[in-house]
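The structure presented is a predicted model; accordingly, all values stated were derived computationally and were not measured.
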Amino acid sequence: MRVQLALRAARQLRSCVGVSGAWPRDDFSPRRQSWGDCCSRGLSGEAPRSPESLPEALRPLGLQYLEVEKLRMVFDRHVTQEGHLDARALLRAAGREGSPAEVSSVVAELDRTGDGRVTWPEMRAAAEAAGESVDGRVRPIYAALILMFASQGAQWPVLPQLAAGLDLDAAGLGLVTGATALARIASNAPAASLAERIGRRPLLVAGPAIMAVGVGGLAASSSFAHLVLCNSLVGVGLAAAVAGAGLYLSDIATPRNRARTTAPVLQSALLGFAAGPAIGGMLVEAVGLQAPFVVCAAVLLGSSGTALALLPETLNEAAARREAARSLLGLCRNGCEEQPEPPPTGILELMRRPALQGLFSVVAINGFSQGAMPVTTVLFMLETLNMSSMQVGGTMTMSVLMMILATQPATWLSDRLESRKTVMLPSLLGNALLTGMLPLATSPAAYSGIFTACAVANAFSKPSISPMLLDSTTGRERARALALRLTVQDVGTLIGASTMGLLASQLGTPAAIQTTATLQ
């Protein structure tokens, strides 16, 4: 019965896996390493021997997606009396015949010592090597997210001009821009729940399309109510797309490449927000005030079409993979259909986990700092250091570019070291210290250097947040955990903008910057 259940789950998983294109595999040791291991190998220049990957016959089992603890449980359930891997039993679980020729082939591929047996370290090395490659499906998601964030960024220099044409004051403009954040907060949980019911692909298609309607509507807005409604649609669409992308990437990520797989969400936001304002400003100068909105709406529709054409659904693939794992682990005694997975953990139960409490605290502070930045660090540049708009823009652009460049080694370290906290904690401390030094700068050059260093420190902590969230949750819990993470970040952004703006007006910008640094 157990073999039949595993066979059915493996066949279902094999039928669900579609696009399998992957980026070139890195040539690294299969095990997680300490900081000293990484540094010593880098200094010595010795190239580690690349381990053998999983045999093609075992791929339907999805062993590369299992955490080390569960992989060990699978090995222990499929061993001979001598304690070596029972390749025949594992082949049958994968839907194969398990003939002597197949058994010999699998053993030969996994056996690294040449003794004709497969031990636990050898199986672990093969599974982890198979999980090194980043799935090629991140590419269209990366492109779609860049277009979405660039479209949102293109509004920044244009929306104030559009509001001025409708005789809105600063308070009215604040309500218009705040509508996007409020819509995201209200939409994060429903979007994640919808992605668990109908799939990730519909949200990646519908999200940019909803944004296109909102952005296009901004070009034709003739009142305050129209602006609020259209910006709310932008927030709803962005929440849907980000929820769909986050869950899609979690489906195709393995424990060995989670930081590199989920990095496009951060990198696309940085690229989009860096390029968007410049594109919006140029379109206004060259064509007119409505041009950025019309062009961005067309681009967003193209992004929606790209997701529809290039991205297969992963919801069933992830569900089939979990069912195969449950069969391999012996959790379906009377059939997985008769014994469904337990319901996902509630939000309150998730919040009781110490790892998630710490992680969400970091997310909240990141959102707080992001919301406070325009009313603290940017105002300090303008009012205290008397920097020109070009100098401020150059400083912001340089920090974004350095952050993008730093995310590559940051994700590499996050996926290689024994604990992701080894990367996060020093970078968080460094960012807090550097932020506290900003008010001490007495020249634009000194301020720009410290500000850019803050961005680099951020680049080494933020890429580890999503992987740590995946490390700390199961597949069934990730939709709620992702929605909670996005909501905490958006709420932190709103609180940071409002409270630090008030503090800066009462006690001065340096006091607001120091307060932000203390909270970090």
Side chain to side chain contact (heavy atoms under 4.5 Å, CB included), that's the test. Do Leu429 and Leu425 meet it? Break it down for me.
CA-CA 6 Å; Leu429 178 60; Leu425 294 180; over 6 Å; no

Between Gln64 and Thr254, does the side chain to side chain donor-acceptor pair (under 3.5 Å) criterion hold? Intermediate values first, please.
CA-CA 7 Å; Gln64 67 270 31; Thr254 73; over 6 Å; no

Can you list the steps and then say if Met211 with Leu238 is a side chain to side chain contact (heavy atoms under 4.5 Å, CB included)?
CA-CA 7 Å; Met211 288 184 67; Leu238 191 59; 4.0 Å; yes

Test side chain to side chain contact (heavy atoms under 4.5 Å, CB included) on Asp167 and Phe224; report intermediate values, then the result.
CA-CA 9 Å; Asp167 296 325; Phe224 169 76; over 6 Å; no

Stepwise side chain to side chain contact (heavy atoms under 4.5 Å, CB included) test for Glu477 and Thr474
CA-CA 5 Å; Glu477 298 170 341; Thr474 64; 3.2 Å; yes

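Remark: the backbone N or O of Gly367 is not paired with any side-chain donor or acceptor of Gln489 at under 3.5 angstrom. A donor-acceptor contact shorter than 3.5 Å links the side chain of Asp415 to the backbone of Ala259. Using a distance-only test at 3.5 Å, with no hydrogens or angles considered, a donor-acceptor pair links the side chain of Asn257 to the main chain of Ser133. No donor-acceptor pair under 3.5 Å is formed between the side chain of Ser187 and the backbone N or O of Arg184. Looking only at distances, a side-chain donor or acceptor of Thr422 sits under 3.5 Å from a matching main-chain atom of Ser419. In this structure a side-chain-to-backbone donor-acceptor pair under 3.5 Å is missing from Ser399 to Thr452. Listed for the Thr487 side chain is no donor-acceptor partner under 3.5 Å among the backbone atoms of Leu484. Between the side chain of Thr411 and the main chain of Gln408, a donor-acceptor pair closer than 3.5 Å is present. Between the side chain of Ser443 and the main chain of Ala446, a donor-acceptor pair closer than 3.5 Å is present. Of the possible polar contacts, none joining the Ser304 side chain to the Leu300 backbone as a donor-acceptor pair under 3.5 Å is found.
Leu227 places none of its side-chain heavy atoms less than 4.5 Å from the side chain of Asn231. Between Phe360 and Met351 the shortest side-chain heavy-atom distance falls below 4.5 Å. Between Leu203 and Ile198 the shortest side-chain heavy-atom distance falls below 4.5 Å. Under the 4.5 Å side-chain criterion, counting only non-hydrogen atoms from C-beta, Pro439 is not in contact with Tyr447. You'll find the side chain of Leu413 stays beyond 4.5 Å of the side chain of Arg416, heavy atoms only. Side-chain contact check for Leu482 versus Leu247: some heavy-atom pair is nearer than 4.5 Å. In this structure, His226 and Ser223 have side chains that are in contact, with non-hydrogen atoms separated by less than 4.5 Å. The side-chain heavy atoms of Val491 and Phe368, taken from C-beta on, include no pair separated by under 4.5 Å.
In terms of heavy-atom proximity, Pro426 sits nearest to Lys421 at CD-O, 3.9 Å. Ser427 and Ala457 get closest at one heavy-atom pair: CB-O, 3.3 Å. For the pair Leu204 and Ala241, the tightest heavy-atom approach, listed with the atom from each and the gap, is CD2-O, 3.6 Å. The two residues Ser303 and Ala144 come nearest to each other via the heavy atoms OG-CB, 3.2 Å. Across all their heavy atoms, Gly214 and Cys230 have their closest contact at O-CB, 3.3 Å. Across every non-hydrogen atom of Leu301 and Ala209, the tightest pair is CD2-CA, 4.4 Å.
Under the 6.0 Å distance and 45° angle rule, Arg321 counts as a cation-pi partner of Tyr65.
The pair Arg480-Glu349 fails the salt-bridge criterion, with no side-chain N (NZ, NE, NH1 or NH2) lying under 4.0 Å from an Asp/Glu carboxylate O. Between Glu317 and Arg137 a salt bridge is recorded (basic side-chain N to carboxylate O distance below 4.0 Å). A salt bridge links Glu132 with Arg256: at least one charged nitrogen is closer than 4.0 Å to a carboxylate oxygen.
No hydrogens or angles considered: nothing links the side chains of Arg258 and Thr262 as a donor-acceptor pair under 3.5 Å. Side-chain atoms of Arg485 and Ser466 form a donor-acceptor pair, as typed in the model, at a separation below 3.5 Å. No hydrogens or angles considered: a donor-acceptor pair under 3.5 Å links the side chains of Ser414 and Ser464. For the residue pair Arg478/Ser250, the side-chain donor-acceptor check at 3.5 Å is not satisfied. With hydrogens and angles left out, the side-chain atoms of Ser369 and Asn366 include no donor and acceptor closer than 3.5 Å.
To the nearest 0.5 Å, the span separating OG on Ser361 from CG on Leu356 amounts to 10.5 Å. Distance OH/Tyr142 to OG/Ser268: 6.5 Å, rounded to 0.5 Å. Between the CZ atom in Phe293 and the CG atom in Leu283 there is a gap of 10.5 Å [rounded to 0.5 Å]. Separating the CD atom in Gln267 from the CG atom in Leu405 is a distance of 10.0 Å, to the nearest 0.5 Å. Rounding to the nearest 0.5 Å gives a distance of 8.5 Å between CG of Leu438 and CE of Met381. The line from OG1 of Thr180 to CD1 of Ile185 is 11.0 Å long, rounded to the nearest 0.5 Å.
The neighbour count for Glu67 CD, taken as heavy atoms of other residues, nucleotides or ligands under 6.0 Å away, is above 12.
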